[in-house]
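Here is the structure we will look at.
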Amino acid sequence: MIKRLFIFIILFVSTNNTFAQGQEHMKFMGIPLNETINQFQTKLAAKGVKIDIAVNKNVSVGCRAFKGSFSGKDAQIYVYYDESTKIVYRAKAVVESSEESLRDNNYNYFVNMLSTKYNYAEKTSGSQDGHDSISFYIPNDGLAVYKYLGTIDVYCTNYLYLSFYVHIDYTDTLNSVKHESRNMDDL
């Protein structure tokens with residue numbers, strides 16, 4: 001009886017470990033949105049992305065600001081993490097342009113690239129602040145709690161008609177839900 005119980009416990013633990021390791025997560029610049037913020041920062045640094053000290057002083061707790069190249073474009077990069085667990089759940093690249101037409105070209109560039117890479121994703125088009133926007137819902141294959149692995153939102157913003165921005169915003173579903181549920185516990 002004790003031997004059977006021991007075998008059951010070993011099988012249960014190894015099954016849970018296999019299941020936990022098998023969870024897929026969204027990737028931003030090839031890095032899973034399931035690392036601690038320090039691990040994520042180290043992997044960004046290996047890609048030539050540096051922390052932006054000036055901007056980082058002005059972002060809230062749970063976010064770090066970086067600068068570097070994203071898909072061949074100079075970008076400001078923001079990485080969002082859970083303050084308690086330090087696990088990353090969202091990352092976003094923001095590409096600035098000096099003219100609206102250049103911003104629109106960048107928007108089309110990213111939408112076309114993402115449409116090619118994620119041609120199997122569900123997409124919804126819309127408008128945000130009077131500009132085109134699109135969301136890519138990346139399906140979650142295999143044993144999954146959630147239908148989508150995550151989303152990628154692409155949208156545009158302006159700053160006083162002096163600067164024009166394209167945002168490419170990646171969110172991991174599982175870690176985002178975990179982060180939000182911890183916030184809800186405070187209510």
Side-chain angles (χ1 to χ4, degrees), residues 23-35 37 40-41 43-52 55 59-60 62-81 87-142 144 146-177 179-180:
Q23 291 291 317
E24 289 291 319
H25 291 275
M26 286 291 293
K27 291 181 181 176
F28 178 82
M29 295 180 67
I31 308 167
L33 295 176
N34 191 37
E35 309 270 330
I37 184 61
F40 202 89
Q41 182 172 331
K43 291 180 179 178
L44 283 175
K47 294 176 175 282
V49 175
K50 297 177 177 17
I51 194 143
D52 190 329
V55 174
V59 296
S60 62
C63 180
R64 284 200 191 153
F66 302 87
K67 57 185 169 184
S69 179
F70 176 79
S71 190
K73 308 275 185 184
D74 288 336
Q76 191 74 39
I77 296 170
Y78 298 92
V79 179
Y80 300 86
Y81 61 94
I87 299 294
V88 172
Y89 62 89
R90 179 178 165 212
K92 147 167 111 160
V94 181
V95 176
E96 181 179 4
S97 302
S98 58
E99 297 176 21
E100 194 169 10
S101 62
L102 294 174
R103 188 236 14 237
D104 293 345
N105 288 342
N106 283 331
Y107 174 83
N108 291 328
Y109 168 81
F110 287 112
V111 168
N112 289 334
M113 295 283 282
L114 288 165
S115 293
T116 300
K117 182 173 182 178
Y118 298 106
N119 63 347
Y120 55 89
E122 292 180 36
K123 299 173 194 81
T124 58
S125 298
S127 178
Q128 182 167 326
D129 296 330
H131 305 288
D132 289 342
S133 66
I134 189 166
S135 295
F136 295 83
Y137 298 88
I138 311 305
N140 199 350
D141 298 328
Y146 299 103
K147 181 178 178 181
Y148 301 109
L149 193 62
T151 58
I152 305 169
D153 300 311
V154 185
Y155 58 94
C156 301
T157 60
N158 297 346
Y159 177 71
L160 301 175
Y161 294 100
L162 300 172
S163 295
F164 304 90
Y165 303 94
V166 175
H167 301 251
I168 308 94
D169 197 347
Y170 290 65
T171 303
D172 181 79
T173 301
L174 184 59
N175 286 331
S176 180
V177 167
H179 171 71
E180 288 303 318

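- Applying the salt bridge (charged side-chain N to carboxylate O under 4.0 Å, His left out) test to every pair with at least one member in residues 149-174, sequence neighbours left out, gives these pairs: R90-D169.
- The ring pair (Phe, Tyr, Trp, His ring centres under 6.0 Å) search around F136 returns none, not counting sequence neighbours.
- Heavy atoms only, all atoms of each residue included: T173 and Y148 are closest at OG1-O, 3.0 Å.
- Annotation for Y120: atom OH counts as buried by contact number, over 12 foreign heavy atoms lying within 6.0 Å.
- Scanning both residues, L149 and M26, for their nearest heavy atoms gives O-CG, 3.6 Å.
- Applying the ring pair (Phe, Tyr, Trp, His ring centres under 6.0 Å) rule to F28 yields the partners F70, Y170; only residues at least two apart in sequence or on another chain are considered.
- By the side chain to side chain donor-acceptor pair (under 3.5 Å) test, Y107 is found to be paired with no residue, residues two or more places apart in sequence or in another chain being considered.
- Within the structure, the salt bridge (charged side-chain N to carboxylate O under 4.0 Å, His left out) test picks out no pair touching residues 106-115 (sequence neighbours left out).
- Looking at heavy atoms from C-beta onward, I134 lies out of side-chain contact with L114 at the 4.5 angstrom threshold.
- Listed by first and then second residue, the salt bridge (charged side-chain N to carboxylate O under 4.0 Å, His left out) pairs involving residues 25-35 are E35-K43 (not counting sequence neighbours).
- A 4.5 Å side-chain heavy-atom check between N175 and V88 finds every atom pair outside the cut-off.
- Residues passing the ring pair (Phe, Tyr, Trp, His ring centres under 6.0 Å) test with Y155 are H167, sequence neighbours excluded.
- Screening residues 96-114 for salt bridge (charged side-chain N to carboxylate O under 4.0 Å, His left out) gives E100-R103 as the qualifying pairs, with residues at least two apart or on separate chains.
- Residues H131 and C156 approach most closely at CD2-O, 3.6 Å, considering heavy atoms.
- Residue pairs meeting the side chain to side chain donor-acceptor pair (under 3.5 Å) criterion with at least one member in residues 63-77, sequence neighbours excluded, are N38-R64, Q41-R64, D52-Q76, S71-Y109, K73-N106.
- The neighbour count for K50 NZ, taken as heavy atoms of other residues, nucleotides or ligands under 6.0 Å away, does not exceed 12.
- In terms of heavy atoms, S176 sits closest to Y89 at N-CB, 3.6 Å.
- Listed by chain and number, the residues in a ring pair (Phe, Tyr, Trp, His ring centres under 6.0 Å) with F164 amount to none (sequence neighbours excluded).
- Residues passing the salt bridge (Lys or Arg N to Asp or Glu O under 4.0 Å) test with E122 are K147, sequence neighbours excluded.
- Applying the side-chain contact (heavy atoms from CB on, under 4.5 Å) criterion to N119, with sequence neighbours excluded, gives no partner residue.
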